[in-house]
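Throughout, protein chains are lettered first and strands after them, A, B, ... in sequence-line order, and every chain is numbered starting at 1.
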There are 2 protein chains.
Amino acid sequence: MVAVETRELRYFVAVAEELNFGRAAQRLGMAQPPLSRAIAQLERRLDATLLERTSRGVTLTGAGAVLLDEARAALDAVVAAERRTRRAAEVADGRPAVVLASKAGASTELIAKLLDAYASEPNSVSVDMLLCGPGEQGRLLRTGRADVALLHRPFDSLSGLDHETLSTEGQVVLLPAGHPLAGRPQVRTSDVTDLPGLPQPRWPRADGGYPDGPGPKVRDHAQLQQLVSLGRASVIAPESARTNLGHDLTAIPVVDAPQVTTVIAWPPHSRSVAVADLVRTAARL
Amino acid sequence: MVAVETRELRYFVAVAEELNFGRAAQRLGMAQPPLSRAIAQLERRLDATLLERTSRGVTLTGAGAVLLDEARAALDAVVAAERRTRRAAEVADGRPAVVLASKAGASTELIAKLLDAYASEPNSVSVDMLLCGPGEQGRLLRTGRADVALLHRPFDSLSGLDHETLSTEGQVVLLPAGHPLAGRPQVRTSDVTDLPGLPQPRWPRADGGYPDGPGPKVRDHAQLQQLVSLGRASVIAPESARTNLGHDLTAIPVVDAPQVTTVIAWPPHSRSVAVADLVRTAARL
DNA sequence: GGAGGCGATACCCAAGAGGTATCGCCGCCG
DNA sequence: CGGCGGCGATACCTCTTGGGTATCGCCTCC
C-alpha cells in the first residue's frame with residue numbers, strides 16, 4: 001500500500017469542486033476514464049467512500065468533504081515548497097528579496113515607514129511588494145507566493161499564521177463635507193448603514209458574485225475612492241484610510257465599530273532571516 | 001513540466017537527512033541509482049541545485065535547506081489529509097471520536113474536569129486521549145494523529161496552530177520536606193539551580209542525546225517523579241504539577257520563573273464540530 | 001598505488017498512468 | 001413508452017517512466 005501522491009489529491013480536488021468527472025477531467029487536461037480510475041484507487045487506498053455516484057452526477061460524502069479541505073491545505077503546502085525552493089535558488093544566484101503582501105489600498109503610510117526603516121537596517125535585502133485583494137494574504141503566504149504580509153483584524157483571518165501586532169485604530173465613516181451628519185462629533189454604526197443616497201458599496205464575494213442590496217458594486221479601491229469622492233457612497237474604514245482619499249471628505253468616528261488592528265504575519269515555520277528582520281523592524285515602529 | 005509529487009519530496013527528505021544516497025535508498029527500500037535519478041530530476045524541475053555532491057558525500061545547499069523544511073511541512077500535511085480522511089470514514093461507520101493529545105504527566109485535574117464537562121454537553125462524542133512526550137503535540141496535530149491538544153507556554157511552540165488560552169499559573173520548586181530551603185516563603189531561580197545534592201534532571205534532546213551536566217538523566221515523568229520523591233533531584237514545575245507527586249514534598253513559589261499558561265490548540269483549518277465544542281467547553285472552565 | 005566508499009551512467013524491464021471505444025444506468029421528452 | 005443524451009464504469013491497448021542490475025569514474029585513506 002503506497003502513500004498518497006499529490007497527483008491524486010489534485011485529481012480529487014478537481015472532481016470534488018466540479019462534482020462531475022467529465023468536466024473535472026477536461027479541467028485537468030485528461031480523459032475521463034483514467035480520472036474515474038484514479039479516484040477509485042484513492043478510495044481503495046484510504047478505505048473510504050469519498051463520493052456518492054448517481055447517474056445524475058456526484059455528491060461529496062463526509063469523508064470526501066474532510067479530504068477536500070485537507071487536500072487543499074496539503075497542495076498549498078506542496079506548491080509553497082516548490083515556490084520557496086525556486087526563490088531560494090534565485091537567492092543563491094545573487095538576487096535575494098522578500099515578498100511582502102498587503103491589501104491593495106491599505107495604509108501606505110505604515111508601509112512606507114516600514115520599508116524605510118527596514119532598508120536602513122544592516123543586511124537588509126530588497127522587498128518586493130505584492131498587492132492583493134482583501135483576505136488573500138493568507139493564501140499567498142500559505143502557497144509561498146509571499147513571505148510576509150500585513151493584514152487587518154478582524155477582517156482577515158490569522159488562522160495558521162504566526163504574527164505580531166503592529167497598531168490598533170478606531171474606525172471612521174467617510175462622508176461628503178456637506179452631509180447633514182458631517183458636524184457630529186461621533187456616530188454609531190446604525191446611524192450610517194442606511195443613509196438615504198449614501199448606500200454602503202458592495203464588494204464581490206469569494207465566488208465572484210455580489211450580495212443583494214442597494215449599494216453600488218465595486219471591484220477595487222480605485223472605484224471605491226471615486227464613489228466616495230463623488231459623494232455617491234459612504235464607507236466605514238479604519239482612521240488611517242482617510243489619508244488615501246480626497247480632502248473634500250469628513251471623517252467621523254464610529255464609536256461602536258470594532259477596533260482594527262494591523263498585524264504582520266508570516267508562515268509558521270519560516271526560517272528566513274530577512275523575514276525575521278522585517279518583523280523585528282515592524283514591531284519597533 | 002509536471003508538478004512535484006510527494007514521492008519526490010519523500011526521497012529528497014530521506015537524502016537530505018542521511019546526506020548519503022546509499023543509506024537513504026536503503027531507508028526507502030529501493031536501490032541507489034533510481035534515487036539519484038529522482039533527485040536529479042527534482043533539481044531540474046525546480047531549476048535549483050539542492051545538494052552539493054562530493055565523492056565523499058553530500059551537503060545541503062541553501063535551496064536544499066529551504067526545501068527540506070518545506071517538504072517536511074508539506075508531507076505532514078499530506079499524511080494529515082490521509083489520516084483525517086480515514087478517520088472521517090470511520091465516523092461514517094458510527095464510531096465518531098476526537099483525539100486529544102496532551103503531554104504525559106500534565107495536569108490530570110484539568111483534563112478530568114474538561115472531559116467531564118464535555119461529556120455532559122449535548123452531541124458530545126467520545127474523546128480518545130493520546131499522551132505524548134513534551135513538545136510533540138504540535139507534530140501530532142500537524143500530521144493528523146490528533147485533533148486537539150493541550151499544551152503549555154512557554155515550553156511548547158504554538159507556531160502554526162490556532163489556540164485558546166485556558167489558565168495561567170506560577171511555577172514552584174519541589175523539594176524534600178526536610179530541605180534547608182523548605183521553610184522559605186519564596187525563592188528565585190538562581191537559589192535552586194545549583195543546589196548541592198539536588199541537581200536539575202536532564203531531559204533528552206530532540207536527537208536523543210543528553211545535554212552535559214551533573215543532573216540525573218530522565219526519560220519520562222515516572223522516572224522524574226521517582227527521583228524527586230527520593231530526594232535525588234529538584235525540579236521547577238507549574239504549581240498544578242504538585243498534585244501528581246508524593247506528599248513528602250514541599251512546593252515553594254519561584255518568583256522569577258516565567259508564568260506557565262495552558263492552552264488548547266487545534267490545526268488551523270479544523271472544521272470538526274466536535275473540536276469546536278471541546279474548545280468552547282474548555283474555554284468556559 | 002591499491003582498496004573501498006560514493007554518486008553517476010548505461011541499459012533493461014515491468015508497473016501503471018493515460019488514451020479510445022463502449023457499456024450500463026437513469027432521467028427526460030416527444 | 002421508447003429513444004436520446006448525459007454520466008460514470010469497464011475493457012483493452014499503448015507508452016511513459018519508475019525502478020533494478022551492472023558498471024564506471026572519482027576521490028580518500030591506508
[X] side-chain proximity, nearest of [options]:
| X | options | value |
| --- | --- | --- |
| Asn20(A) | dA9(D), dC7(D), dT9(C) | dC7(D) |
| Arg23(A) | dC7(D), dG7(C), dT10(D) | dC7(D) |
| Pro33(B) | dG19(D), dG19(C), dA8(C) | dA8(C) |

Could you tell me how far apart [X] ([atom1]) and [N] ([atom2]) are, to the nearest whole angstrom?
| X | N | atom1 | atom2 | answer |
| --- | --- | --- | --- | --- |
| Arg44(A) | dG16(C) | CZ | C1' | 12 Å |
| Leu28(A) | dG19(C) | CG | C1' | 15 Å |
| Tyr11(B) | dG20(D) | OH | P | 8 Å |
| Arg53(A) | dC25(C) | CZ | C1' | 15 Å |
| Leu35(B) | dT17(D) | CG | C1' | 16 Å |
| Leu50(B) | dG7(C) | CG | C1' | 16 Å |
| Phe21(B) | dG25(D) | CZ | P | 20 Å |
| Arg37(B) | dC6(C) | CZ | C1' | 17 Å |

Response to the item:
Result for 5'-nearest mapping on DNA chain D, choosing between Met30(B) and Gln32(A), is Gln32(A)
Worksheet entry | Asp147(B) and Ser270(B), any side-chain heavy atoms less than 4.5 Å apart | no
Worksheet item: Are side-chain heavy atoms of Lys103(A) and Leu150(A) found at a separation under 4.5 Å?
Response: no
Under 3.5 Å side-chain donor-acceptor pair for [X] and [Y]:
| X | Y | value |
| --- | --- | --- |
| Tyr210(B) | Arg219(B) | yes |
| Thr143(B) | Asp76(B) | no |
| Thr6(A) | Glu5(B) | yes |

Worksheet item: Taking OP1 and OP2 of dA9(D), is either one under 4.0 Å from a side-chain nitrogen or oxygen of Ser36(A)?
Response: yes
Discussion item. Considering every strand and a 4.0 Å limit on heavy-atom distances, what is the contact class for Gln41(B): base, sugar-phosphate, or nothing?
Written reply: sugar-phosphate
Worksheet item: Checking all strands, does Arg7(A) fall into the base, sugar-phosphate, or nothing category for heavy-atom contacts under 4.0 angstrom?
Response: sugar-phosphate
